[in-house]
Each structure stands twice: as C-alpha cells, then as structure tokens.
Enquirer: 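One structure coming up, written as structure tokens, with questions to follow.
We're numbering straight along the sequence, starting at 1. Note that the structure is a prediction, hence the values are computed from the model and not measured.
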Amino acid sequence: MNQNLKNIYNDVLREVYPQIANDRLGVLYKVIHIILEEKVIFEQEEQIKAEFFCNLFSIKNNATFLEDKKVFEGLIMNARDQFNPKEVFKSILGINENNRFNERQSELLWIVLIACFIVGTFVCIQFIKRRKSKGRENQDRNVQYSEPIALQQPVASPPQSLLVALCLVVPAHVLNKLKEQYPIDANEIENLIDNASYFLCTKVADAELVQQRLDLTDENILTVGERREVYVRIDIRDGQEMLDKTVPYILKRNLPSHRQGVVKQLACLGDLSGLEAFNRI
C-alpha cells in the first residue's frame with residue numbers, strides 16, 4: 001500500500017478510535033458519519049452526505065460487527081494483504097512486539113478501513129485537515145489561558161442559549177399519541193428523526209415563515225392512514241448546537257443535555273409543496 005495512503009488511514013483511525021472503542025452496534029454507520037461530519041463540499045457545491053453512503057450500501061445504525069464486515073467482505077480480504085493492523089495499533093494503543101491487540105480492536109480497525117474505502121481518500125484527507133485545524137485552535141486557546149492574567153485578552157463569552165424549532169415530516173404511525181403543547185423526551189425525538197422523510201432545524205422565527213408555506217390540513221391525525229405524512233414541529237431550548245444541521249445523526253448527537261422539547265405543531269400535509277427549505281432523507 002502506498003505510504004501516503006497508509007498514513008492517511010492511520011490518521012483517520014487515530015481520530016476515530018476513541019469515539020467507537022466502546023460501541024458494539026452500528027459502528028460502520030457511526031464512523032462514516034464521523035468522517036463526513038455534516039457534509040463535504042466539492043466542485044459545483046455538490047453535497048455528499050453520510051446518509052447517501054449508508055443508504056447506498058444498506059449500512060444500518062444498529063448493525064453488528066459481522067453485518068458491517070459483510071458490506072465489503074471482499075474488500076477486507078484484499079486489504080489484509082496490504083495493510084498491517086499491528087502497525088496502527090502500536091502507535092495508538094502503545095502495543096509493542098510482545099503484545100497482541102484483541103479481536104475487538106481488530107474488528108474496529110477493519111470497520112474504520114471500510115468506511116475510508118467507502119467515502120474515498122479525498123474525504124479522509126479533508127477530515128484529517130479539519131481535525132488538525134481544530135487541534136491547533138484548541139492549542140492556541142490553551143496557550144492563551146496560560147498567560148499571566150494581566151496579559152490575557154478578554155475571553156469571548158459562551159454562546160447564548162437559543163430556542164430552536166425542529167421541523168419534521170413523518171408518517172402518522174410513529175407519532176405515538178403526541179399532543180401539541182406537551183413535552184417530548186429525547187427518545188421520542190430521536191425516533192421521529194429516524195423516521196422523518198424531511199427535516200429542518202432552524203430558528204423559531206424562520207420556522208414560522210417556513211410553516212406558512214406548507215399545505216397543512218385540519219384532519220384528525222388519529223383517523224388518517226398510518227402512512228399519511230404529518231408535519232411535526234418541536235421547540236427545543238438550548239438547541240444552538242442543533243441549528244442548521246443537515247445530517248440526522250449529527251442532529252441527534254447535538255441534542256441539549258436536558259434532552260427534551262415541546263411539541264408546538266401537529267398537522268397532516270395536504271401535499272409536499274413548501275418543503276424546499278427542508279433536508280430530504
């Protein structure tokens with residue numbers, strides 16, 4: 001394997017491994033989302049999203065290691081002849097020649113490699129660049145904080161709490177008797193996101209404008225067909241980290257620590273007009 005390519009994969013594994021070390025399900029799904037983060041912009045601003053790859057190769061968020069490996073079983077066999085996993089784990093985990101990494105660590109290595117092959121070398125390079133850039137920013141901040149107080153520059157205040165509106169289009173059968181103005185917890189929110197065909201997380205004022213363009217009906221949601229598409233709006237306080245996210249996995253990951261919201265709107269859609277501002281899954 002080309003040394004530069006090997007270095008890229010080593011760097012990706014070094015960044016990703018701490019985030020998946022304790023995971024047992026959906027590891028390949030998670031790694032692809034971590035590498036792509038939210039989106040990668042190519043020429044002509046084409047957005048390549050993690051969900052595109054996961055849907056294309058039927059990669060599930062609850063897959064076992066064995067199911068993940070089967071996605072590219074032949075690819076793994078070819079890679080084994082060219083890639084020495086011990087080299088990678090020696091640098092990451094401090095393994096010497098007399099030690100062996102366990103089977104679980106080996107499985108995680110191959111899943112990360114599969115993710116690298118799926119998204120491509122260019123995307124991996126961009127991922128490493130972003131991470132190194134963030135690392136330099138953190139290092140600069142640490143240096144600044146270590147200066148004498150008299151020499152320190154004013155520290156920027158933390159971002160203000162923001163109320164955001166999570167707007168979703170979901171089939172009626174997943175609503176689980178939700179009611180307007182009632183609280184909704186994180187598990188229910190994540191279930192709605194997983195089942196959404198369209199979604200948007202934006203400021204409340206912008207959500208009001210978007211909502212006006214939708215064809216909302218007065219039909220009783222409890223009596224319509226279970227596949228009927230329903231518009232759901234959930235207001236979430238302290239949701240600034242969710243704002244404008246375009247990937248469901250990232251959206252769920254950035255739910256605020258209190259992990260709850262309030263259902264502000266429930267209505268059947270007459271048609272799909274007015275959804276141009278939404279992200280389509």
Side-chain angles (χ1 to χ4, degrees), residues 19-20 22-34 36-38 49-55 57-64 67-68 163-202 204 207 210-211 214 216-217 219-269 272 275 277-281:
Q19 302 180 61
I20 62 173
N22 297 318
D23 292 337
R24 296 192 176 276
L25 294 176
V27 178
L28 179 56
Y29 180 93
K30 183 174 181 179
V31 172
I32 291 175
H33 280 82
I34 292 172
L36 282 170
E37 294 182 342
E38 293 178 32
K49 301 179 181 179
E51 287 300 317
F52 167 81
F53 291 108
C54 292
N55 290 336
F57 298 113
S58 299
I59 299 168
K60 302 175 183 177
N61 62 1
N62 61 351
T64 64
E67 290 171 327
D68 279 343
L163 180 69
V164 300
L166 176 61
C167 306
L168 306 165
V169 175
V170 300
H173 72 87
V174 301
L175 294 178
N176 295 327
K177 299 181 180 179
L178 295 183
K179 294 182 180 180
E180 290 186 5
Q181 308 307 321
Y182 275 66
I184 179 173
D185 64 28
N187 290 335
E188 293 176 299
I189 294 173
E190 291 179 354
N191 182 55
L192 292 177
I193 293 173
D194 287 338
N195 286 277
S197 53
Y198 294 84
F199 71 93
L200 173 69
C201 191
T202 187
V204 170
V210 169
Q211 193 169 300
L214 301 179
L216 304 181
T217 74
E219 296 169 272
N220 186 343
I221 295 174
L222 298 178
T223 62
V224 299
E226 64 177 22
R227 301 304 304 175
R228 183 64 181 278
E229 291 180 305
V230 178
Y231 169 75
V232 184
R233 173 181 150 194
I234 302 167
D235 284 4
I236 302 174
R237 61 181 176 84
D238 304 323
Q240 54 272 9
E241 297 300 322
M242 301 175 66
L243 188 66
D244 298 328
K245 295 297 182 287
T246 59
V247 174
Y249 172 79
I250 304 296
L251 200 61
K252 293 188 293 183
R253 188 182 70 183
N254 287 341
L255 278 166
S257 58
H258 58 74
R259 297 176 64 79
Q260 62 181 358
V262 176
V263 179
K264 300 298 290 187
Q265 180 78 38
L266 278 173
C268 287
L269 288 173
L272 298 181
L275 293 172
F278 284 64
N279 302 288
R280 184 175 181 179
I281 299 178

Enquirer: Using a 4.5 Å cut-off on heavy atoms from C-beta on, say whether the side chain of Phe278 contacts that of Val210.
Expert: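 Answer yes - side chains close enough.
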
Enquirer: Could you check whether any side-chain heavy atom of Ser197 comes within less than 4.5 Å of a side-chain heavy atom of Ile281, counting everything from C-beta outward?
Expert: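 When only atoms from C-beta onward are counted, Ile281 and Ser197 do not touch, as no gap falls below 4.5 Å.
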
Enquirer: Which pair of heavy atoms, one from Phe199 and one from Val247, lies closest together, and at what distance?
Expert: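 Looking at all heavy atoms of both residues, the shortest contact is CZ-N, 3.9 Å.
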
Enquirer: Quick one: does any side-chain atom of Asn254 pair with a main-chain N or O of Glu241 as donor and acceptor, under 3.5 Å?
Expert: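 Present.
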
Enquirer: Once rounded to the nearest 0.5 Å, what's the spacing between atom CG of Leu192 and atom NZ of Lys252?
Expert: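 Output value for this atom pair is 11.0 Å.
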
Enquirer: Roughly how far apart are Asp235 CG and Cys167 SG, rounded to 0.5 Å?
Expert: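 Atom-to-atom, Asp235:CG and Cys167:SG are 8.0 Å apart.
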
Enquirer: Rounded at 0.5 Å granularity, tell me how far CG in Asn61 sits from CG in Asp194.
Expert: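 These two atoms lie 6.0 Å from each other.
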
Enquirer: Roughly how far apart are Glu188 CD and Gln260 CD, rounded to 0.5 Å?
Expert: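 The CD atom of Glu188 sits 11.0 Å away from the CD atom of Gln260.
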
Enquirer: Hey, which of Ile221, Asn195, Val263 is the one that makes side chain to side chain contact (heavy atoms under 4.5 Å, CB included) with Leu175?
Expert: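 Running side chain to side chain contact (heavy atoms under 4.5 Å, CB included) over Ile221, Asn195, Val263 with Leu175 returns exactly one hit, Ile221.
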
Enquirer: The criterion is salt bridge (charged side-chain N to carboxylate O under 4.0 Å, His left out); which residues satisfy it with Glu180, sequence neighbours excluded?
Expert: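 So Glu180 forms no salt bridge (charged side-chain N to carboxylate O under 4.0 Å, His left out) with any residue.
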
Enquirer: Quick one, Arg280 and Leu275 - any side-chain contact, counting heavy atoms below 4.5 Å?
Expert: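 Side-chain contact under 4.5 Å: no.
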
Enquirer: Can you see which heavy atom on Val164 is nearest to which on Cys201, and at what distance?
Expert: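 So the two residues come closest at CG2-SG, 3.8 Å.
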
Enquirer: How would you list, by chain and number, every residue that makes a salt bridge (charged side-chain N to carboxylate O under 4.0 Å, His left out) with Asp185, sequence neighbours excluded?
Expert: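 For Asp185, no residue satisfies salt bridge (charged side-chain N to carboxylate O under 4.0 Å, His left out) once neighbours in sequence are set aside.
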
Enquirer: Nearest 0.5 Å, please: how far is CG in Leu25 from NZ in Lys30?
Expert: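 Between Lys30 NZ and Leu25 CG, I get 11.5 Å after rounding to 0.5 Å.
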
Enquirer: Please list, chain by chain and in numerical order, all residues satisfying side-chain contact (heavy atoms from CB on, under 4.5 Å) with Glu67, sequence neighbours excluded.
Expert: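 Testing Glu67 for side-chain contact (heavy atoms from CB on, under 4.5 Å), a comparison that skips the adjacent residues, returns Ala63, Thr64.
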
Enquirer: Nearest 0.5 Å please: distance from the CD1 atom of Ile234 over to the CD1 atom of Ile189.
Expert: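 The distance works out to 5.0 Å.
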
Enquirer: Quick one: closest heavy-atom pair of Val204 and Arg233, and the distance?
Expert: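 Minimum heavy-atom separation between Val204 and Arg233: CG1-NH2, 3.3 Å.
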
Enquirer: Check Leu28 against Asp68 and note the closest heavy-atom contact, atom names and distance.
Expert: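 For Leu28 and Asp68, the tightest heavy-atom pair comes out as N-OD2, 3.1 Å.
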
Enquirer: Looking at residues at least two apart in the chain, or sitting in another chain, which of them share a salt bridge (charged side-chain N to carboxylate O under 4.0 Å, His left out) with Lys264?
Expert: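 If we apply the salt bridge (charged side-chain N to carboxylate O under 4.0 Å, His left out) test to Lys264, skipping adjacent residues, there are no hits.
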
Enquirer: Is the closest side-chain heavy-atom distance between Leu163 and Ile236 below 4.5 Å?
Expert: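 SC-SC contact between Leu163 and Ile236 ruled out.
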
Enquirer: Between Asp238 and Pro256, what is the shortest heavy-atom contact and its length?
Expert: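 It is O-CB, 3.4 Å.
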
Enquirer: If you take all heavy atoms of Leu255 and Ala186, which pair is closest and at what distance?
Expert: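 Closest approach of Leu255 to Ala186: CD1-CB, 4.2 Å.
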
Enquirer: Once side-chain contact (heavy atoms from CB on, under 4.5 Å) is applied, do any residues pair with Arg227, and if so which ones, sequence neighbours excluded?
Expert: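 Counting only residues at least two positions away or on another chain, Arg227 forms a side-chain contact (heavy atoms from CB on, under 4.5 Å) with Pro171, His173.
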
Enquirer: What is the ring orientation for His33 with Tyr249, classed by angle as parallel under 30°, tilted 30 to 60°, or perpendicular over 60°?
Expert: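 Taking Tyr249 first and then His33, their aromatic rings sit tilted (interplane angle of 30° to 60°).
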
Enquirer: For Arg237, enumerate each residue passing the salt bridge (charged side-chain N to carboxylate O under 4.0 Å, His left out) test, keeping only those at least two apart in sequence or located in another chain.
Expert: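 Counting only residues at least two positions away or on another chain, Arg237 forms no salt bridge (charged side-chain N to carboxylate O under 4.0 Å, His left out).
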
Enquirer: Can you check whether Arg253 reaches Lys245 side chain to side chain, under 4.5 Å on heavy atoms?
Expert: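 Side-chain contact under 4.5 Å: no.
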
